[in-house]
2 protein chains.
Amino acid sequence: MAGETTRGHQTKWQTPCQQCPLRSLPTFRDFSAKELDFVAQFKRGELSVERGATVLVEGMHSAHLFTLLSGWAFRYKLLTDGRRQIMNYVLPGDLVGLQGSLMGEMDHSVEALTPVTLCVFERAQLGRLFERHASLAYDLTWIAAQEESILDEHLLSIGRRTALERTAYLLSFIHQRARATGAAGGRRVIPITQQHIADTLGLSLVHTNKTLRKLADRKLMRWQDRGCEILDADGLLALSGWEGLKREPRPFI
Amino acid sequence: MAGETTRGHQTKWQTPCQQCPLRSLPTFRDFSAKELDFVAQFKRGELSVERGATVLVEGMHSAHLFTLLSGWAFRYKLLTDGRRQIMNYVLPGDLVGLQGSLMGEMDHSVEALTPVTLCVFERAQLGRLFERHASLAYDLTWIAAQEESILDEHLLSIGRRTALERTAYLLSFIHQRARATGAAGGRRVIPITQQHIADTLGLSLVHTNKTLRKLADRKLMRWQDRGCEILDADGLLALSGWEGLKREPRPFI
DNA sequence: CGGATTATTGAGGTGTGTCAAGGTACGTGG
DNA sequence: CCACGTACCTTGACACACCTCAATAATCCG
């Protein structure tokens with residue numbers, strides 16, 4: 001299993017949970033010793049995939065769930081004719097595949113935006129988690145409710161905000177999330193293409209480009225180095241009419 | 001407490017969980033005796049509100065969560081200038097207020113579409129649920145993940161489906177949900193206005209009206225008696241390009 | 001019966017989509 | 001190190017899906 005290469009994925013042991021680099025971030029809450037022990041044995045290994053690789057496919061029946069350890073990814077759905085909707089972005093500390101683990105079948109796909117490392121957990125042990133670790137079970141529910149809350153806000157954006165507001169919202173949102181987890185491994189730039197933004201906001205690529213230009217003209221952001229750099233986070237937030245993310249530490253697994 | 005009237009709300013005892021009318025529906029899974037006992041004492045009472053009443057308000061800090069026992073409601077968010085986005089509809093058996101219970105503050109509001117009765121649960125007892133009833137905790141997480149899955153599909157609709165597809169999708173979705181829970185207390189008609197549809201789909205009222213006319217011209221539905229009657233569920237489903245709801249029994253609390 | 005809400009319809013405007021062409025940057029292989 | 005291919009970004013012209021405004025009709029409700 002260690003170091004094995006399977007269909008382009010590389011699996012190998014690396015980070016023991018006790019030294020998980022995410023735990024020390026102020027965004028995440030602490031584990032008790034008991035919780036940490038359980039999570040450590042819950043973790044089955046790590047999975048590394050390259051940029052552009054698909055981690056989970058809609059319709060798939062996966063025996064695992066994951067926490068993203070490093071890199072960026074995104075969740076999306078497709079219509080039969082190829083139209084794509086990106087639902088959300090996956091950053092370090094985010095859980096991947098919970099919906100599929102609970103309901104049997106994935107209802108969306110996940111693709112890596114950068115090289116990505118994921119902690120692999122075994123779905124079959126979820127039952128034990130609920131039986132013996134109520135606090136972690138609570139956290140799982142919290143995480144699911146939090147994702148629901150984010151999707152509510154996205155829905156509000158796509159449904160009722162203008163293209164300019166929407167774009168400002170999305171950039172604010174991603175920027176706040178990235179800042180909390182240490183900004184994508186050092187780069188100051190959000191590693192997405194304009195097509196990703198378009199597919200997140202329900203806009204065409206061309207119109208997205210022209211909308212981004214307006215934001216750039218206002219010195220709120222600029223496009224650079226295959227990604228987006230935020231120049232004026234407050235200005236974007238004000239333009240979007242969004243309240244911003246809560247600052248409290250959040251659970252993760 | 002019993003029979004008391006508070007700010008237009010009426011609270012009174014009625015249905016003991018042991019005789020809950022929802023449990024016998026094939027959509028819902030069974031409780032074990034132990035689960036049923038817990039839920040029965042978890043339930044604090046019932047809340048009845050009239051059509052148009054607001055059950056929960058965005059920003060509110062509620063000490064309760066609810067399961068909708070009868071009637072219809074909807075979840076929505078507002079922008080400061082009044083633009084409204086409806087996120088989802090709440091039907092019998094649906095949990096209301098979980099997000100607020102977990103995260104402290106409601107991030108959306110809930111309003112009754114018809115006269116509504118809700119079972120009232122005490123937020124403070126959620127901890128005991130997680131500690132002592134792993135199966136119910138699992139169900140809560142399942143419910144949250146299910147809602148997430150629904151929001152994903154809505155996002156896909158608003159973001160990438162045309163007005164006609166979107167409308168067909170929404171009507172199919174509501175129709176399938178209504179059918180599973182016994183069609184809104186007997187009425188064959190979905191008790192919403194065209195403004196609700198518009199605010200769910202991110203369309204204007206006028207365009208919604210014209211889109212509904214196209215569906216009516218194709219004999220897929222008709223507007224009647226302050227609501228929408230589905231004439232050809234399969235036709236709507238095909239037009240929407242949606243896969244439909246899972247048929248398996250689902251948990252509720 | 002009158003007021004309020006909801007549905008309907010037409011006219012005209014615009015935000016956003018589509019099509020098309022070209023530019024720029026990057027990665028790869030020679 | 002250059003040359004080429006590919007992915008991505010940019011811009012303009014034009015079309016249309018959808019929006020706003022406005023007025024009227026239907027329906028419900030007290």
Q: Among D:dC21, D:dC28, C:dC19, which nucleotide sits nearest the side chain of B:Asp225?
A: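 The closest nucleotide is D:dC28.
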
Q: If you take any heavy atom closer than 4.0 Å to DNA chain D, which residues from residues 73-86 of chain B end up in contact?
A: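 Here the set is empty: none.
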
Q: Within the 3.5 Å criterion, strictly below it, is a donor on A:Tyr76 or A:Thr200 matched to an acceptor on the partner's side chain?
A: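 Judged by distance alone, the side chains do not pair up.
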
Q: Identify which nucleotide among D:dT11, D:dC21, C:dT16 has an atom closest to any side-chain atom of A:Lys210, counting heavy atoms from C-beta outward.
A: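 For A:Lys210, the side-chain atoms sit closest to D:dT11.
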
Q: Using a heavy-atom cut-off of under 4.0 Å over every strand shown, decide if A:Leu203 touches base, sugar-phosphate, or nothing.
A: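 Answer is sugar-phosphate: A:Leu203 comes under 4.0 Å of backbone atoms only.
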
Q: Keeping the roles fixed (side chain from A:Ser240, backbone from A:Trp242), state whether a donor-acceptor pair exists under 3.5 Å.
A: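 Checking the backbone N and O of A:Trp242 against the side chain of A:Ser240, a donor-acceptor pair under 3.5 Å is found.
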
Q: Rounded to the nearest Å, what distance is computed from the CZ atom of residue B:Arg213 to the C1' atom of nucleotide C:dT6?
A: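 From B:Arg213 CZ to C:dT6 C1': 15 Å.
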
Q: Quickly work out the B:Gln224 CD to D:dC28 P distance and round it to whole Å.
A: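 Going from B:Gln224 (CD) to D:dC28 (P), I get 10 Å.
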
Q: Can you tell me the distance, in whole Å, between the CZ atom of B:Arg161 and the C1' atom of C:dT16?
A: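 After rounding, the gap between these two atoms is 20 Å.
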
Q: Counting only side-chain heavy atoms from C-beta out, which of D:dT10, C:dC19, C:dG17 sits nearest to A:Ser204?
A: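 Nearest to the side chain of A:Ser204 among the choices is C:dG17.
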
Q: Check the distance between D:dT10's C1' and A:Asp217's CG and give it to me in whole angstrom.
A: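 So the CG-C1' distance, A:Asp217 to D:dT10, works out to 13 Å.
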
Q: What integer distance in Å separates A:Ile158:CD1 from D:dC18:P?
A: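 The answer, rounded to whole Å, is 15 Å.
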
Q: Just by distance, with hydrogens left out, do A:Glu165 and A:Ser157 show a side-chain donor and acceptor under 3.5 Å apart?
A: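 Their side chains do not contain a donor-acceptor pair, so the 3.5 Å distance test is not met.
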
Q: Kindly give the heavy-atom pair with the smallest separation between B:Phe74 and B:Tyr89, and that separation in Å.
A: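 Closest approach of B:Phe74 to B:Tyr89: CB-CD2, 3.7 Å.
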
Q: Looking at B:Phe28, I'd like to know if the NZ or CZ of B:Arg250 sits under 6.0 Å from its six-membered ring centre while staying within 45 degrees of the ring's axis.
A: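 So B:Arg250 doesn't make the cation-pi contact.
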
Q: Report the C-alpha separation of A:Phe252 and A:Leu95 in whole Å, then their side-chain angles, then the decisive distance to 0.1 Å, and conclude whether the side-chain contact (heavy atoms from CB on, under 4.5 Å) test is met.
A: CA-CA 8 Å; A:Phe252 79 116; A:Leu95 198 60; over 6 Å; no

Q: With respect to A:Ser149, which candidate in B:Met106, B:Gln99, B:His108 satisfies the side-chain contact (heavy atoms from CB on, under 4.5 Å) definition?
A: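 Result: among B:Met106, B:Gln99, B:His108, B:Gln99 is the only option passing the side-chain contact (heavy atoms from CB on, under 4.5 Å) with A:Ser149.
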
Q: Whole angstrom is fine here: how far is it from NE2 in A:His207 over to P in C:dG17?
A: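 It works out to 6 Å between those atoms.
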
Q: To the nearest Å, give me how far apart NZ (A:Lys214) and P (D:dT10) are.
A: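 Whole-Å distance recorded here is 15 Å.
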
Q: Testing A:Ile190, A:Val90, A:Ile192 one by one against A:Leu113 for a side-chain contact (heavy atoms from CB on, under 4.5 Å), which residue passes?
A: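 Only match with A:Leu113 under side-chain contact (heavy atoms from CB on, under 4.5 Å): A:Ile192.
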
Q: Heavy atoms within less than 4.0 Å of DNA chain D: which residues of residues 162-175 of chain A have one? Give them sorted by number.
A: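 The stretch gives none, as no residue of it lies under 4.0 Å from the strand.
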
Q: Going by side-chain contact (heavy atoms from CB on, under 4.5 Å), B:His154 matches just one of A:Leu151, A:Leu155, A:Ile158. Which one?
A: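 Per the side-chain contact (heavy atoms from CB on, under 4.5 Å) rule, the option paired with B:His154 is A:Leu155, out of A:Leu151, A:Leu155, A:Ile158.
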
Q: With a non-hydrogen cut-off below 4.0 angstrom, is A:Gly202 in contact with a base, only sugar-phosphate, or nothing?
A: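 Since only primed, P, OP1 and OP2 atoms lie under 4.0 Å of A:Gly202, the category is sugar-phosphate.
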
Q: Please state how far atom CD1 in B:Ile190 lies from atom P in C:dA7, giving the value in whole angstrom units.
A: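 Going from B:Ile190 (CD1) to C:dA7 (P), I get 13 Å.
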
Q: Please determine, by modelled atom types, if A:Glu147 and A:Asn88 share a side-chain donor-acceptor pair under 3.5 angstrom.
A: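 Judged by distance alone, the side chains do pair up.
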
Q: On DNA chain D, nearest-nucleotide positions of B:Val206 versus B:Thr211: which is more 5'?
A: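 Of the two residues, B:Thr211 wins.
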
Q: Show me the protein contacts with nucleotides 5-9 of chain D, counting only N or O atoms at under 3.5 Å.
A:
from	atom 1	to	atom 2	distance (Å)
D:dC9	OP1	A:Trp223	NE1	2.9
D:dC9	OP2	A:Gln194	N	3.1

Q: With a 4.5 Å cut-off on side-chain heavy atoms, are A:Leu237 and A:Phe173 touching?
A: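 No - every pair of side-chain heavy atoms lies 4.5 Å or more apart.
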
Q: Answer yes if the side chains of A:Thr193 and A:His196 hold a donor-acceptor pair under 3.5 Å, and no otherwise.
A: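 Yes.
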
